[in-house]
J.: 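Before I ask anything, here is the structure I am working with.
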There are 2 protein chains.
Amino acid sequence: MNDMNIDVGAHLKAVRQMYGLSQRELAKRAGVTNGLISLIEQNRVSPSVSSLKKVLDGIPMTLADFFTLDLAGRSPVFFARDELADIGTGSVELRLVGSQLPKRSMSILHERYPGGADTGDEVLSHAGEEGGVVVKGRIELTVAGEARTLGPGDAYYFKSLLPHRFRNPGTEDCEIVSASSPPTF
Amino acid sequence: MNDMNIDVGAHLKAVRQMYGLSQRELAKRAGVTNGLISLIEQNRVSPSVSSLKKVLDGIPMTLADFFTLDLAGRSPVFFARDELADIGTGSVELRLVGSQLPKRSMSILHERYPGGADTGDEVLSHAGEEGGVVVKGRIELTVAGEARTLGPGDAYYFKSLLPHRFRNPGTEDCEIVSASSPPTF
DNA sequence: TCATGTCGTTCATGATATTAAACACCCGGA
DNA sequence: TCCGGGTGTTTAATATCATGAACGACATGA
């Protein structure tokens, strides 16, 4: 999911070759010129989204797939509460279950928000999904601009891409057990 | 996903507004002009990949996330405790978060085991991984023949293939919040 | 009422993407 | 040797994008 420095040209070239297409073949199927594909692959131009889409249609591959594509014993089972790694910042306590496990498919957290605590102004946002159940106290959760206050037994589940923020508006501590997949931590 | 007919303009607008940014704010953060964002959102131009990337950097969001994000299928996010579907059998209560969501990558459960309750003689075993945190009371968990009693704040995480069983040996109710991926329910 | 600020839109112009055609290279066959 | 057909690359002309500044509409307050 790292397209920070995605090299569109090299990426397109790799994809094209994986499908066994020449620049001219692909150009013909995509309805563009072979020269354009050459220029794109050399990063001498940054194609418009519409023309990149046309090119990918000739493969065929979606824009989402193009940008998503990545080219690049017996574990412990039980964890005492004190063994959970605290990865929280500031006053918020985030205790991660199984931090030492090499390849997890989820992050399970035991979270505690003191009264007034929140996850900060900066918006949290990452791939995958997350959900949780409020165990104690009350939390105000804002997802994609929509806010709601949840109490004990209430729950949430959303795509982590949506901007979200947790805030404890009261004075009593709030505890949550949450999970996210793929793992955030 | 679905970017067959992706409307880049409307999509950008929705994302921008979701993050509470004006065209000018976003333009400033992205290092482009507000006019360009206006034109893109009206689909009067198809931005180059490089300028779309600049714009998304101002949010911030990756190209992959932008093209992957599904806005049409915006699902419910918040669930009151009474809305959680009880899928338990016998005396054990299993409340599933987001049972109505079409495609989840996890099952998140709020579980309650009355005193003496257990998950039955037959051993549970399925693909994937699961973990959880004990919220209240005590539970005896047996995984691959190894048993341990966990109290509030204690946790577990294991591959679901390992035979496992939950039992409440005491008289007080025991509550757990758990997650499994891929979803069991 | 007028001033100030922010919103999104528009337009002329300069910058860049895209085309069409030519170019250089390599290979297998006459 | 030279030809035809396959690569990918380059160039000049054209189409499109991106900028900077101005615009009208809508708020908030003095």
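Given the structure is predicted, the values throughout are model-derived calculations rather than measurements. Residue numbering restarts at 1 for every chain, and letters A, B, ... go by the order of the sequence lines.
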J.: I want to confirm an ordering. Mapping B:Gly35 and A:Ser48 to their closest nucleotides on DNA chain C, which one lands closer to the 5' end?
T.: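 This one resolves to B:Gly35.
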
J.: Answer yes or no: is there a side-chain heavy-atom contact under 4.5 Å between B:Thr62 and A:Phe67?
T.: no

J.: State whether B:Arg16 places a side-chain N or O below 4.0 Å from either non-bridging phosphate oxygen (OP1 or OP2) of C:dG8.
T.: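 For C:dG8, OP1 or OP2 has a side-chain N or O of B:Arg16 closer than 4.0 Å.
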
J.: Could you report the tightest heavy-atom contact between B:Pro169 and B:Glu140, atom names first, then the distance?
T.: CD-N, 3.9 Å

J.: What is the distance, to the nearest angstrom, from the NZ atom on A:Lys53 to the P atom on C:dT18?
T.: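 Computing the A:Lys53:NZ to C:dT18:P distance gives 15 Å.
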
J.: Is any N or O donor-acceptor pair between the side chain of A:Arg24 and the base of D:dG6 shorter than 3.5 Å?
T.: no

J.: Given 3.5 Å as the limit, does a donor-acceptor pair link the side chain of B:Asp86 with the main chain of B:Leu94, or not?
T.: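 Yes; judged by distance alone, with no hydrogens or angles, the pair exists.
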
J.: Quick check: closest heavy atoms across B:Val97 and A:Ala155, and the distance to 0.1 Å?
T.: CG2-CB, 3.5 Å

J.: Parallel, tilted or perpendicular for A:His11 and A:Phe66, by the 30°/60° rule?
T.: perpendicular

J.: Whole angstrom is fine here: how far is it from NZ in B:Lys54 over to P in D:dC17?
T.: 16 Å

J.: Starting at CG of A:Asn34 and ending at P of C:dA24, how long is that distance when rounded to a whole Å?
T.: 16 Å

J.: Measure the distance from CD on A:Gln23 to C1' on D:dG8 and round it to the nearest whole Å.
T.: 5 Å

J.: Give the rounded distance in Å between these two atoms: CG of A:Leu21 and P of D:dT7.
T.: 10 Å

J.: What is the distance, rounded to the nearest whole Å, between atom CG of B:Leu26 and atom P of C:dT6?
T.: 17 Å

J.: Expressed in angstrom and rounded to an integer, what is the separation of A:Leu52 atom CG from D:dT16 atom C1'?
T.: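 Computing the A:Leu52:CG to D:dT16:C1' distance gives 16 Å.
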
J.: Would you indicate which nucleotide in D:dT7, D:dG20, C:dA20 comes nearest to any side-chain atom of B:Thr33?
T.: D:dG20

J.: Do you know the tightest heavy-atom contact between B:Arg16 and B:Leu21?
T.: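 So the two residues come closest at NH1-O, 2.8 Å.
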
J.: Can you sort out which residues in residues 36-44 of chain A have a heavy atom within less than 4.0 Å of DNA chain D? Ascending by number, please.
T.: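 Correct list: A:Ser38, A:Leu39, A:Gln42, A:Arg44.
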
J.: Quick one: is C:dC7 close enough that its OP1 or OP2 comes under 4.0 Å of any side-chain N or O from B:Ser22?
T.: yes

J.: Does any donor atom in the side chain of B:Ser178 or B:Glu111 lie under 3.5 Å from an acceptor atom in the other side chain?
T.: yes

